[in-house]
Amino acid sequence: MRRYLRVVVLCLACGFCSLLYAFSQLAVSLEEGAGGGGGKPQAAAASWLGGGGRGAARGAGSAGPAAHPGRSDRCKDFSLCYWNPYWMLPSDVCGMNCFWEAAFRYSVKAQPVERMHLAVVACGERLEETVTMLKSALIFSIKPLQVHIFAEDQLHDSFKGILDNWSFLQTFNYSLYPITFPSENAAEWKKLFKPCASQRLFLPLILKDVDSLLYVDTDILFLRPIDDIWSLLKKFNSTQIAAMAPEHEEPRIGWYNRFARHPYYGKTGVNSGVMLMNMTRMRRKYFKNDMTAVRLRWGDILMPLLKKYKLNITWGDQDLLNIVFFHNPESLFVFPCQWNYRPDHCIYGSNCREAEEEGIFILHGNRGVYHDDKQPAFRAVYEALRNVFKRHYSEREFRLHQIANEAHGIVCARKGCSRRSSKEAAKDQMHNKKSQHPAPLSGVFSRYQVWPLWAQSHQANPMQFCRN
């Protein structure tokens, strides 16, 4: 019996050694395939077109081993690796870091990667909010992201100056567009509700080459990868063309069912601050309506709707969307409130059950809560994300942070993560200060349950996210 046991142990040891050797060879081969050494900057194309097209080309490079003087000698056979001092990694043993990075690069190279499309409309004083939203999108997302920014002409140079500095993000491209409305009614559309807000209605007609798109307001913050909400497109049935969250969960405090003077979707209406669209289907569909017996296409239905209901609508383009989907309910996919979590979900007591059970996925700071003290947790998350990218990260550092988020999320999902006390948080900050390294992104946010250090130190949880 002992003889068999020794044979089994020997086989397991041999298998483990073979696995380590295989990963070391994988790391070396991926390095050679990338051009060797990792020190050559790589160009990442982006586009710029001041009059409604693609934007300025941006360079993006990655730092090689020479950029990390603290790299351990144990890494000499793992040329993809460098010394990483951050506590959030599964291990600061160099080989383990190499394992994660090699596995990530292999998965990226082995599969064709779909590019996600994100759109936002910015007018007036919305520059900072929009940039903070983009930071939250980039920190957690995995697949390449194409961002379509519709902004007033005076904001274009500011956006370009900020986004061109994010040259280390090789999976991020952006395009800037002017605000564009139908010429015969441009002034009326621009003044509808808030300045430029109704631009979202015309995205399927402007971005004709884009199949699917996620539109968000400027006061949105992503607390999960965009990949997760993007995957909801696969859950659409054959008739569904768009997805939104309900305006309210509790009818007793709903706005549409108590005050609306026009048709609206479902029991409490829908909120258009986060809107996922299959725009190919939107352009093809003929919509039922209450203006004519003939079904109309998207480009033909908007103006008649505005003329009929402009004296009855309060929330502008969102009201028009509610009217459209009231007559075409089979075309809307409704996702839970945790994908569009607003102060309304807790001002009168917590009323988003999915957020209580699974956490908040997308934060929507309407009512100006990012800029006042009415909801301090909302403001704390916004300020934590606003301060990201205060230094220049390399592509390699940013990717390793994303991998650390992934690893930490897996550990949290399986074992649970205890919250750190304010004393422990202060100790971490002092350690980072002494080592002259910034607090890692993964130290501020974990992958699946995101809380700033402020919230961790105050023992915050989803049930206590809002101040009543």
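Quick note: numbers below take in every heavy atom, side chains included, and nothing from hydrogens, waters or symmetry partners. Position 1 is the first residue of the sequence, and the numbers go up from there.
- Leu118 CG to Tyr174 OH: the interatomic distance, rounded to the nearest 0.5 Å, is 15.0 Å.
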task = Run the numbers on Met275 and Leu213 for side-chain contact (heavy atoms from CB on, under 4.5 Å), then give the verdict.
result = CA-CA 8 Å; Met275 185 176 179; Leu213 181 78; over 6 Å; no
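- Residues Thr171 and Leu145 are not in side-chain contact: their nearest non-hydrogen atoms beyond the backbone lie 4.5 Å or more apart.
- Using a 3.5 Å distance cut-off with no hydrogens or angles, the side chains of Ser350 and Glu356 do pair a donor with an acceptor.
- The shortest side-chain heavy-atom distance between Leu214 and His117 does not fall under the 4.5 Å cut-off.
- No donor-acceptor pair closer than 3.5 Å links the side chain of Arg342 to the backbone N or O of Asn366.
- Scanning for side chain to side chain contact (heavy atoms under 4.5 Å, CB included) contacts around Ser212 gives Trp230, Leu233, Asn278, with sequence neighbours left out.
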Steps toward side chain to side chain donor-acceptor pair (under 3.5 Å) verdict (Asp344, His248) = CA-CA 8 Å; Asp344 307 71; His248 285 282; 4.5 Å; no
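- Distance SG/Cys196 to CD1/Ile179: 4.0 Å, rounded to 0.5 Å.
- In the displayed structure, Arg284 atom CZ is contacted under 6.0 Å by at most 12 heavy atoms of other residues, nucleotides or ligands.
- Closest approach of Leu127 to Ser158, counting heavy atoms only: CD2-CB, 3.6 Å.
- The closest side-chain heavy-atom distance from Phe287 to Ile241 is below 4.5 Å.
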task = Would you sort out whether Arg200 and Asp217 count as a side-chain contact (heavy atoms from CB on, under 4.5 Å), showing the intermediate values?
result = CA-CA 9 Å; Arg200 83 186 84 183; Asp217 287 346; 3.5 Å; yes
inquiry  = Apply side chain to side chain donor-acceptor pair (under 3.5 Å) to residues Tyr264 and Asp319 and explain how you reach the verdict.
reply    = CA-CA 7 Å; Tyr264 56 88; Asp319 290 347; over 6 Å; no
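- Side-chain atoms of Glu188 and Lys310, non-hydrogen and from C-beta on, do get closer than 4.5 Å to each other.
- Between Phe222 and Val216, some side-chain heavy-atom pair lies under the 4.5 Å cut-off.
- The aromatic ring centres of Tyr265 and Phe325 sit 6.0 Å or more apart.
- Although no hydrogens or angles enter the test, the distance criterion places a donor-acceptor pair under 3.5 Å between the side chain of Gln338 and the main chain of Gly359.
- Separating the CD atom in Glu114 from the OG atom in Ser231 is a distance of 10.0 Å, to the nearest 0.5 Å.
- The backbone N or O of Arg224 lies less than 3.5 Å from no partner atom in the side chain of Asp228, so there is not a single donor-acceptor pair.
- Met303 approaches Trp189 most closely through the heavy-atom pair SD-NE1, 3.5 Å.
- Without hydrogens or angle criteria, Gln199 side chain to Thr180 main chain gives a donor-acceptor distance under 3.5 Å.
- Remark: Thr132 pairs with Glu128, Leu221, Tyr382, Leu385, Arg386 by the side chain to side chain contact (heavy atoms under 4.5 Å, CB included) rule, at least two apart or across chains.
- A disulfide bridge does not connect Cys352 to Cys346: their SG atoms sit 2.5 Å or farther from one another.
- Under the 3.5 Å distance criterion, the side-chain polar atoms of Asn351 are matched with a main-chain donor or acceptor of Gly349.
- Residues Ser175 and Gln146 have side chains that bring a donor and an acceptor to within less than 3.5 angstrom of each other.
- In this structure, the side chains of Tyr256 and Thr268 stay at 4.5 Å or more apart for every pair of heavy atoms.
- Summarising the geometry of Ser331 relative to Lys285, their closest heavy-atom pair is OG-CE, 2.9 Å, with the distance given to 0.1 Å.
- When every heavy atom of Ile229 is checked against every heavy atom of Ile362, the shortest pair comes out as CD1-CD1, 3.8 Å.
- When the ring pair (Phe, Tyr, Trp, His ring centres under 6.0 Å) test is applied to Phe326, no partner is found at least two apart in sequence or on another chain.
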message = side-chain contact (heavy atoms from CB on, under 4.5 Å) for Asp227 and Phe140? Distances and angles first, verdict last.
response = CA-CA 9 Å; Asp227 309 61; Phe140 300 109; over 6 Å; no
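- Within a 6.0 Å radius of CD in Glu125, other residues, nucleotides and ligands contribute 12 heavy atoms or fewer.
- With hydrogens and angles disregarded, a donor-acceptor distance shorter than 3.5 Å links the side chain of Lys135 to the backbone of Val388.
- Within the 4.5 Å cutoff, no side-chain heavy atoms of Val120 are placed close to those of Phe150.
- With Val274 as reference, Phe335 is the one residue of Phe335, Tyr341, Phe361, Tyr215 to meet the side-chain contact (heavy atoms from CB on, under 4.5 Å) rule.
- With hydrogens and angles ignored, the 3.5 Å screen pairs a side-chain donor or acceptor of Arg281 with a backbone N or O of Gln240.
- For the residue pair Tyr177/His148, the side-chain donor-acceptor check at 3.5 Å is satisfied.
- Gln318 contributes a side-chain N or O that, together with a main-chain N or O of Ser272, makes up a donor-acceptor pair within less than 3.5 Å.
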task = Dump the intermediate steps for salt bridge (Lys or Arg N to Asp or Glu O under 4.0 Å) on Glu129 and Arg126, then the final yes or no.
result = CA-CA 5 Å; Glu129 278 190 358; Arg126 299 287 182 165; 2.7 Å; yes
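- Once rounded to the nearest 0.5 Å, the distance linking CG of Leu205 with CE of Met279 reads 9.0 Å.
- No hydrogens or angles considered: a donor-acceptor pair under 3.5 Å links the side chains of Asn340 and Asn271.
- Side-chain contact between Leu332 and Met244: present, with at least one pair of heavy atoms (C-beta onward) separated by less than 4.5 Å.
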task = Evaluate the criterion salt bridge (Lys or Arg N to Asp or Glu O under 4.0 Å) for residue pair Arg379 and Asp372; output intermediate values, then yes/no.
result = CA-CA 7 Å; Arg379 182 172 181 176; Asp372 59 34; over 6 Å; no
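- The nearest pair of heavy atoms linking Pro336 to Glu354 is CB-CG, 3.8 Å.
- The distance from atom CD1 of Ile226 to atom OG of Ser141, rounded to the nearest 0.5 Å, is 4.0 Å.
- Ring orientation note: the planes of Phe378 and Tyr370 are tilted relative to one another, at an angle of 30° to 60°.
- Interatomic distance, CG of Leu321 versus CG of Leu201, reported as 5.5 Å (0.5 Å rounding).
- Using modelled atom types, no side-chain atom of His371 and backbone atom of Gly368 make a donor-acceptor pair closer than 3.5 Å.
- Looking only at distances, a side-chain donor or acceptor of Ser136 sits under 3.5 Å from a matching main-chain atom of Met133.
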ask   = What do the steps show when you test Leu163 against Val147 for side-chain contact (heavy atoms from CB on, under 4.5 Å), and what is the final call?
value = CA-CA 11 Å; Leu163 301 183; Val147 179; over 6 Å; no
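- The two atoms that bring Asp317 and Ala197 nearest to each other are OD2-O, 3.5 Å, heavy atoms only.
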